[in-house]
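Everything quoted here is computed from the prediction, not taken from an experiment. The chains referred to below are lettered A, B, ... by the order of the sequence lines, with proteins before strands, and numbering in each begins at 1.
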Number of protein chains: 2
Amino acid sequence: MAAIVTRKEVAELAGVSEATVSRVFNDVGPMKEQTRQRVLQAAKTLNYHPNAIAQSFARRRSGNLGVVLPYVPKVHIFSTYYFSEVLSGIGEQVKASGYDMLLKFRVPGEESDYSSIFRSQKVDACVILGATDTPSERAELKKLEDGGFPFCLINQHMSGERFNEVDADHEGGSYRAVRHLLDLGYRNIAFLSGSPEFSNSGDRLRGYMQAMREAGLLPAEAKAPGDLPPHLYYEGNYSLTSGIKAAAAMHPHLNRIEAVFASNDRMAIGLMQGLREYGHVPGRDYAIVGYDDSEAARVTDPPLTSVAVPFYEMGRLAAEQVLRRVGGGNETGGALESFSVKLDTRLVVRQSCRILR
Amino acid sequence: MAAIVTRKEVAELAGVSEATVSRVFNDVGPMKEQTRQRVLQAAKTLNYHPNAIAQSFARRRSGNLGVVLPYVPKVHIFSTYYFSEVLSGIGEQVKASGYDMLLKFRVPGEESDYSSIFRSQKVDACVILGATDTPSERAELKKLEDGGFPFCLINQHMSGERFNEVDADHEGGSYRAVRHLLDLGYRNIAFLSGSPEFSNSGDRLRGYMQAMREAGLLPAEAKAPGDLPPHLYYEGNYSLTSGIKAAAAMHPHLNRIEAVFASNDRMAIGLMQGLREYGHVPGRDYAIVGYDDSEAARVTDPPLTSVAVPFYEMGRLAAEQVLRRVGGGNETGGALESFSVKLDTRLVVRQSCRILR
DNA sequence: AAAAAAAATGTACGCGCGTTCATTATCTCA
DNA sequence: TGAGATAATGAACGCGCGTACATTTTTTTT
């Protein structure tokens, strides 16, 4: 193991005090150019690199942005379009801001003890993915907020709180998707929901129901899944497998279903695969619209109409905003307001909902 | 900002010394159960959490595994199958080992100064993705090795060095892919290569050429791309776009090409898209085999025959091995040998190379 | 040329924790 | 019951750095 070179040795070699070495590396205070060069030269000779841990310790700042990832059973989390895009966006911003990105994987059984993440001081701020709206999570997040720790939720709205949030207009996106199907003349449109503990699942449901109500296909007071005809409502958990399972449940009713709106592409693809097993071909026997506009949507057969969500930009924006709040406020002294943005979604039409009869 | 609770306050409340608090939290030394409880109670009351940065500082160990990511222009890096799977594997192991994962994004212009990553002490070990075999990178890696820092390359072999490496048998995988095409009766088989600066690109080329030589379709002394008929060799950079570009170059020669072996699925898909524009339909006008067996391979039309690579396991294994080397050796005192593993690949046959004529 | 101001550098301390060594309390066995 | 052994705890230091404050050197002003 190479011995650790400290500023003390650099100081000795350069014939200055340790403080001066520190000043050179932090670029603080007035400094004679000649001594600066001497110090830099000595540092180079000794191959000195400031110890980042010690710096963090002294500065009381780690230079890390934490990213909290949910536990997703049996799935390679980075391989899901949603997470990979969000993380790419965060990564981009983190790089631009000179931070590092520290990933925290949530462990299945464990309570999500967010505040310990901060108290441990390993991160200066954090972005939380896959938060769920449960009382215990809310309580944890409140603690974070009370502590003044900068954090931001992505794709999850906690109504009644003023947490920093970056979300997308899933309700509008879903509405437009279903409207598209309606405009094509379909009437019996089924909805394949994702896991209900995410607020954005509810958003999609609301968009779907609004479109259906407006078309006179649902009573005006229909609000909850229970208000839907059972053969039009299915529930999965955003996984491919759950889409396949939904196919088994849906297949007996397919004579009464013309089109399906699935809450993400993955489930849509699983559903298509599953229904194919029963001889139902998408784009011929039924129309289908997915959600996320993942890359897979471009290559399925038929190509999948889907709702594009700016996940990358959401990640980038969340990181940017939360890093700006590090240190408890902006440079002019005031603390920053909490922010909550909702980015637009966009329907991308492909062939999976063409009328072919 | 919530005031930071230190062990001092816990010690006072519990009526013990700071050292005792420390012992309780590190579970060292004999300890009267009663005092342990008093301390834990006091810690709970004050909501004390040890400061991870200070711990790292004192222990001279960060508890982080570094992951160095290459700069990939214009691509969302987490959204590529290869990286996302490897990262998932690393993430899994990191979680199991009680470490955190610190991502380091390489910056385009900057020299890859690996050793500074270690000297800065932010990570105890690291896994390097997308290393290239250039003199400067080799030199940097040598420095790491000389320093005794545990690191591991994934999917990149540096011949002549004894770096820790986790690789896959790309040569064998490519050989089998091309053999499959040969067995189906194809003779004019083109090769779409990836970026040559990665050793695994060369591996694929070798596998392809060996199969072709064995079939008597290339002279025995053919070794380099230059030894191939130009209409059979194309070069991309593993991106979708480069596959589309390759289609433009390949299209004029397609009357002399029966099948294509592409170095990854992404390029294969791009190629299929591109060739379709010219009216050439995969599985009808030409056969095609991809590489990686990404999820996209299952959903293309036709489904893409591809070579499965255990990326997830590679990531997991690399992390496991490198973390075992933290601290310069194993528990029994001896330093661990450097390791170099090569995992098997597997051909997954789908419909893209069926003979349909 | 002396006084005042500004620039440049040094001294010294603390950040929170792990850990060694010294000290005190408790137990064991005769 | 007392000596030795062992368990339990405390005191003190250093990890490498940032930085407030003190000191010295240089420049500017009168």
Side-chain angles (χ1 to χ4, degrees), chain A residues 1-40 42-43 46-64 116 118-124 327, chain B residues 1-40 42-43 46-64 116 118-124 327:
Chain A
M1 194 67 119
I4 293 167
V5 181
T6 72
R7 74 174 179 190
K8 187 178 171 191
E9 305 166 47
V10 177
E12 279 169 8
L13 180 58
V16 297
S17 73
E18 292 189 45
T20 300
V21 176
S22 199
R23 287 192 189 97
V24 169
F25 276 84
N26 290 288
D27 201 27
V28 305
M31 173 72 50
K32 212 190 264 178
E33 181 58 25
Q34 180 193 336
T35 45
R36 155 184 266 107
Q37 290 304 332
R38 265 215 320 280
V39 168
L40 289 176
L46 298 173
N47 193 20
Y48 167 75
H49 292 261
N51 181 318
I53 294 287
Q55 286 180 319
S56 297
F57 182 50
R59 293 190 180 125
R60 252 88 61 76
R61 188 161 297 182
S62 68
N64 296 333
S116 84
F118 272 107
R119 282 183 211 289
S120 79
Q121 304 262 315
K122 260 190 155 180
V123 301
D124 302 329
Chain B
M1 194 70 118
I4 292 168
V5 182
T6 72
R7 76 177 176 188
K8 187 176 171 191
E9 305 165 49
V10 177
E12 279 169 7
L13 181 58
V16 298
S17 73
E18 293 188 45
T20 299
V21 177
S22 198
R23 288 194 188 94
V24 169
F25 276 85
N26 292 286
D27 201 27
V28 304
M31 173 72 50
K32 211 191 265 178
E33 182 58 25
Q34 181 192 337
T35 44
R36 154 183 267 107
Q37 292 304 333
R38 265 217 320 279
V39 168
L40 289 176
L46 298 173
N47 194 20
Y48 167 74
H49 293 262
N51 181 319
I53 293 287
Q55 286 180 320
S56 298
F57 182 50
R59 293 190 180 124
R60 252 86 60 75
R61 188 161 298 182
S62 68
N64 296 331
S116 83
F118 271 106
R119 282 183 210 290
S120 78
Q121 305 262 313
K122 259 189 153 176
V123 302
D124 301 331

query = Could you state the CD-P distance from A:Q37 to C:dA8, rounded to the nearest angstrom?
reply = 14 Å
message = Holding to side chain to side chain donor-acceptor pair (under 3.5 Å), I want the full list of residues that pass it with B:S56, two or more places apart in sequence or in another chain.
response = none
query = Rounded to the nearest Å, what distance is computed from the CZ atom of residue B:R60 to the P atom of nucleotide C:dG18?
reply = 13 Å
key: Heavy-atom side-chain contact between B:R61 and A:I53 under 4.5 Å   = no
request  = Give, for atom CD of A:E9 and atom CZ of A:R7, the distance between the pair rounded to the nearest 0.5 Å.
outcome  = 12.0 Å
message = For the CZ atom of B:R60 and the CG atom of B:D124, what is their distance to the nearest 0.5 Å?
response = 12.5 Å
key: Reported CG-to-CZ distance for the pair A:N26 and A:R59, which is rounded to 0.5 angstrom   = 5.0 Å
ask   = Using a cut-off of 4.0 Å on non-hydrogen atoms, how would the nucleic acid contact of B:Y48 be classed: base, sugar-phosphate, or nothing?
value = sugar-phosphate
Output a table of nitrogen or oxygen pairs between the protein and nucleotides 9-11 of chain C separated by less than 3.5 Å.
residue: C:dT9; atom: OP1; partner: A:T35; partner atom: OG1; Å: 3.2
residue: C:dT9; atom: OP2; partner: A:K32; partner atom: N; Å: 3.0
residue: C:dT9; atom: OP2; partner: A:T35; partner atom: OG1; Å: 3.0
residue: C:dG10; atom: OP1; partner: A:S17; partner atom: N; Å: 3.4
residue: C:dG10; atom: OP2; partner: A:S17; partner atom: N; Å: 2.7
residue: C:dG10; atom: OP2; partner: A:S17; partner atom: OG; Å: 2.9
residue: C:dG10; atom: OP2; partner: A:T20; partner atom: OG1; Å: 2.6
residue: C:dG10; atom: N7; partner: A:R23; partner atom: NH1; Å: 3.4
residue: C:dG10; atom: N7; partner: A:R23; partner atom: NH2; Å: 3.4
residue: C:dG10; atom: O6; partner: A:R23; partner atom: NH2; Å: 2.4

ask   = So, A:E18 and A:K8, do they make that salt bridge, N to O below 4.0 Å?
value = no
ask   = Is a side-chain donor or acceptor of A:R36 paired with a backbone partner of A:V24 at a separation under 3.5 angstrom?
value = no
request  = Quick one: label A:T6 by what it contacts on the DNA or RNA (base, sugar-phosphate, nothing), any heavy atom closer than 4.0 Å.
outcome  = sugar-phosphate
task = Select base, sugar-phosphate, or nothing to describe what A:R7 touches, counting heavy atoms under 4.0 Å on all strands.
result = base
task = Please state how far atom NZ in B:K8 lies from atom C1' in C:dG18, giving the value in whole angstrom units.
result = 18 Å
key: Distance in Å, A:R23 CZ paired with A:S17 OG, rounded so as to fall on 0.5 Å steps   = 6.0 Å
query = Got a second to check how far B:K122's NZ is from A:N51's CG, nearest 0.5 Å?
reply = 11.0 Å
query = In whole angstroms, how far is the C1' atom of C:dC17 from the CG atom of B:D27?
reply = 17 Å
query = Of all nucleotides in DNA chain D with an atom under 4.0 Å from a non-hydrogen atom of chain B, which is the first and which the last going 5' to 3'?
reply = D:dA7 to D:dG16
request  = Report yes if at least one side-chain N or O of B:N51 is closer than 4.0 Å to OP1 or OP2 of C:dC17; otherwise report no.
outcome  = no
